[in-house]
Amino acid sequence: MDPYARRVIEPVQFRNPFLWTAVIRGYAIEGKFDEAIAMYGCMRKEEITPVSFTFSALLKACGTMKDLNLGRQFHAQTFRLRGFCFVYVGNTMIDMYVKCESIDCARKVFDEMPERDVISWTELIAAYARVGNMECAAELFESLPTKDMVAWTAMVTGFAQNAKPQEALEYFDRMEKSGIRADEVTVAGYISACAQLGASKYADRAVQIAQKSGYSPSDHVVIGSALIDMYSKCGNVEEAVNVFMSMNNKNVFTYSSMILGLATHGRAQEALHLFHYMVTQTEIKPNTVTFVGALMACSHSGLVDQGRQVFDSMYQTFGVQPTRDHYTCMVDLLGRTGRLQEALELIKTMSVEPHGGVWGALLGACRIHNNPEIAEIAAEHLFELEPDIIGNYILLSNVYASAGDWGGVLRVRKLIKEKGLKKTPAVSWVVDKNGQMHKFFPGNLNHPMSNKIQDKLEELVERLTVLGYQPDLSSVPYDVSDNAKRLILIQHTEKLALAFSLLTTNRDSTITIMKNLRMCLDCHKFMRLASEVTGKVIIMRDNMRFHHFRSGDCSCGDFW
DNA sequence: TTAGGGTTAG
């Protein structure tokens, strides 16, 4: 017998199973699983019958170790010796299987349990949510007889984590209607859903809800961190900084969210400064997300040397192993700054197999720097890894188009057709002062203000031309006449959204435009000049990042 | 004696 256990157990009451269990559990909590299991072996050798509590401690240890085989053995022994005598034993079993990523076994235990409580349900609901199966989660949730706050929260955060923000908000509303109060975790899930919707209208409501529930960002680190992320994603990085400054407790989530927010808004120096402050002036350890933020700051601003420094220090100084996502940032950084060959070499040094992100970053860089040779290498891998993502094919097609290789364009177009892929329609949207969302599609004339929008655009083009605006015809990847190119360019959705906003907003207010695809060069130039002639600040988010246009300049410094 | 937690890349 273990000498420590002997010292504790022998003098007191040798045959008491609870005493043994306490020792087993103690070991398990300390993470000394081998000792815990060895103690269980001793216990059996002494012919002492384990109690339910003993098994619950052992099952929990198996879950933490992710040891499915051992877990199965204890499952069988539990059942043989104690049956499902208490609900919590079954619940611990469910939890063990969930932690071992064996959700079907967890479900089987659930189905066979003679008695269940709300914890059994919630464990399984959360497990389904974690693997992205919100259908099963919702089905289970609806059949749960009495739903408590934690169960509701599992649904709200589950939808938020699975990129279904609208559903998250719906469940939150249903929860409130059923008279159950939200706590800090629920509200954080709600804020995360609002962040994904990326509109100030939702942001305002999220803040109201947090206030109403009594959760101020200054005292609640989870709420504060969620708000930083939300404001950044809604285009209001200033407010994100305000929240950050107001917080009394900060952790790695707080810093990572702020660094990412600054990075996506092109404020690279501030992001890096914050990163350095975090690692030198606080006790908080950077994690893998923090490094994504720091590297993204570099890649969005073309800071090659600093990016290399951060990348090298990741493992050497901080012991954080670079993942494929960090390589993606580095490939993006090298590629964007024109170091395409170097980016390709870096991919070859990766110890893990590169994923679509890595090759996609390289292909995107080839698009910017017009390099069909490397683009073909990247595309070959990418089409294998992500055969159904149309954006990849469009990127390659655009590389060919820039090179004037219309045969290449046709080949890619044929490939798209063969695969039956549909083009993602471009859409831009703005939220007016009443909180109403207005969507704009290419050349779409269905908006009630369509005529006025077209007039405004015409007027704007005239004013910009005086400043030297010439449509950038290379931004149209089709083999059509120059005039047709001009007509296509002027109907780009962000330009329609801009004209609409100029017609409907106050003189001094900021215009925020969101777009689902990457902005083209022509629109970028257009926005820059428009901010000059109108005196407006235009904040524009495309699928990659934010651009802040002010007095004829962009926060990205034309590097994007 | 068991449940829900905010941040990530092209």
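In what follows, every chain begins at residue 1, and chains take the letters A, B, ... in the order their sequences are listed.
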> Is the A:W359 ring parallel, tilted or perpendicular to the A:H381 ring (thresholds 30°, 60°)?
Replying inline: parallel
With a 4.0 Å cut-off on N to O distance, would you call [X] and [Y] a salt bridge?
X: A:E135; Y: A:K164; result: no
X: A:D229; Y: A:K233; result: yes
X: A:K177; Y: A:D173; result: no
X: A:D95; Y: A:K99; result: yes

Take atom [atom1] of [X] and atom [atom2] of [N], then tell me their distance rounded to the nearest Å.
X: A:L334; N: B:dG10; atom1: CG; atom2: P; value: 14 Å
X: A:N543; N: B:dA9; atom1: CG; atom2: C1'; value: 12 Å
X: A:Q321; N: B:dT8; atom1: CD; atom2: P; value: 22 Å
X: A:M296; N: B:dA9; atom1: CE; atom2: P; value: 6 Å
X: A:L346; N: B:dG10; atom1: CG; atom2: C1'; value: 14 Å
X: A:H326; N: B:dA9; atom1: NE2; atom2: C1'; value: 9 Å
X: A:L385; N: B:dG10; atom1: CG; atom2: P; value: 17 Å

Considering every strand and a 4.0 Å limit on heavy-atom distances, what is the contact class for [X]: base, sugar-phosphate, or nothing?
X: A:H300; result: sugar-phosphate
X: A:G335; result: nothing
X: A:L382; result: base

>> How would you summarise protein contacts on nucleotides 2-7 of chain B per nucleotide, using B for base, S for sugar-phosphate only and - for none, with heavy-atom distances below 4.0 Å?
In response: BBBBBB
> How would you list, by chain and number, every residue that makes a ring-ring contact (aromatic ring centres under 6.0 Å, His included) with A:H355, sequence neighbours excluded?
Replying inline: none
